[in-house]
Amino acid sequence: MTHSCIHKIFVCIFIFHILSLLIIETDAKVPAVIVFGDSSVDAGNNNFIPTIARSNFQPYGRDFLGGKATGRFSNGRIPTDFISQAFGLKPTIPAYLDPNYNISDFAIGVTFASAGTGYDNATSDVLSVIPLWKELEYYKEYQEKLEAYQGKNKAKETISEALHMMSLGTNDFLENYYTLPNGRSSQYTIQQYEDFLIGIAGNFIKQIYSLGARKISLGGLPPMGCLPLERTTNFMSGSECLPEYNNVSLEFNDKLQKLTVKLNNELPGIKLVFSNPYFIFMDILRKPSNWGYEVASVACCATGLFEMGYACNRNNMFTCTDAAKYVFWDSFHPTEKTNHIIANYVVKHVLTQFLI
Ligand SMILES: *[C@@H]1O[C@H](CO)[C@@H](O)[C@H](O)[C@H]1NC(C)=O
Ligand SMILES: *[C@@H]1O[C@H](CO)[C@@H](O)[C@H](O)[C@H]1NC(C)=O
Ligand SMILES: *[C@@H]1O[C@H](CO)[C@@H](O)[C@H](O)[C@H]1NC(C)=O
């Protein structure tokens, strides 16, 4: 063999080696999406616990694959499903408590979320749903199963590269603070309560960080005063959005944003981002026709004024025929179309940094 030939072979092997490194690296970018939160991201965990906060019956899931009512609080998919798909993973993220799935599915995507829960333990107590601390316990159990399935080192890598998403907080204000007269509102001013929740959010992030999570998206609140249920309570003022609740969303989101700055400085190697749905949601609500909607103030299901869960059922003759014309599916939850728009927005403006 001549010298130049040896040289060429060496270059070839070298290039091949670089290419294979690159391929392995792109592969490893986001191997899984792991979700914590409330009904905005619950794919049916509540079906397996005793609570009335359920949606595993028609017309929920009417536009889901096979028309199946999975326990997602929408007519179709929820934002995290679309986010998983945008990351090149599965088009839906299964619920951790669903016995039809096992660790080979959960290794790619899993949600521990529970409709009706919040940061505050007192919120999850209202409808006996899974408290956030218990979602964390399930996450620890999940890590053990992942280790048994992938081996210790690979499981560690999966956890550190996985996108962890948190989406909750609305219920702390609407189901708890503003609803229970002798509860948190007799203990805390609204600003104090916001700070109390921020403390819990910060602790939760520190705990998943200590368990190996590095890529984390902290979800902000939607304009809470514009949810049809809240507008209905405002019928004295023409069912407009409630400015007080929207202000709380803005104020709380500002505190969540500051929390992400603080924790990015404190925790080495963390990549914590704030995914804020408020302004895109508000744009849809202000100019629904720009987005192809016909109705933004009431929901599709039933009268659209107050029904959700068991009150939104197949026997209601008022339910709309085309949910894509509505911003909201039930009085508290967006339609699949809205979920898709918000997911796309968050992927494009915030989560892309995890894609490259
Ligand atoms: C998960 O379930 C699938 C299909 O039911 C099965 O083939 C597979 O062996 C299971 N995997 C584990 C790790 O239990
Ligand atoms: C919520 O409850 C859990 C379990 O009882 C407890 O460990 C945790 O400290 C509570 N959280 C707060 C903020 O009180
Ligand atoms: C909401 O915030 C705006 C701007 O900060 C303020 O002018 C308004 O009074 C607030 N409204 C309520 C109901 O809190």
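We count ligands from 1, going down the list as the structure has it; atoms in each ligand are counted the same way. Worth knowing before you read on, the calculation uses all heavy atoms, side chains too, and leaves out hydrogens, waters and symmetry mates.
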Handout entry: Which residue and heavy atom of the protein sit nearest atom 14 (O) of ligand 2, plus the separation
Key = Asn121 ND2, 3.8 Å
Exercise for the section: Return yes when atom NZ of Lys156 has more than 12 non-hydrogen atoms of other residues, nucleotides or ligands closer than 6.0 Å, and no otherwise. Expected result: no
Problem - Mutual orientation of the aromatic rings belonging to Phe112 and Tyr138 [parallel < 30°, tilted 30-60°, perpendicular > 60°] - result: parallel
Handout entry: Is_contact(atom 2 (O) of ligand 1), protein non-hydrogen, under 4.0 Å
Key = yes
Handout entry: Test item: protein heavy atom less than 4.0 Å from atom 11 (N) of ligand 2
Key = yes
Handout entry: Numbered atoms and elements of ligand 1 in range of Ser104, under 4.0 angstrom, heavy atoms
Key = 1 (C), 11 (N)
Practice task
Starting from atom 8 (C) of ligand 3, find the nearest protein heavy-atom neighbour and note its residue, name and distance.
Solution key: Asn247 ND2, 3.8 Å
Problem - Ring centers of Tyr119, Phe196 separated by less than 6.0 Å - result: no
Exercise for the section: For the residue pair Tyr139 and His164, categorise the inter-ring angle as parallel (less than 30°), tilted (30 to 60°) or perpendicular (more than 60°). Expected result: perpendicular
Exercise for the section: Please state whether the rings of Tyr101 and Phe106 are parallel, tilted or perpendicular, taking 30° and 60° as the class boundaries. Expected result: tilted
Exercise for the section: Classify the angle between the aromatic ring planes of Phe57 and Tyr60 as parallel (below 30°), tilted (30 to 60°) or perpendicular (above 60°). Expected result: perpendicular
Exercise for the section: Go through ligand 1 atom by atom and flag the ones less than 4.0 Å from a non-hydrogen atom of Ile103. Expected result: 13 (C)
Problem - Enumerated ligand 1 atoms positioned under 4.0 Å from heavy atoms of Asn102 - result: 1 (C), 2 (O), 3 (C), 8 (C), 10 (C), 11 (N), 12 (C), 14 (O)
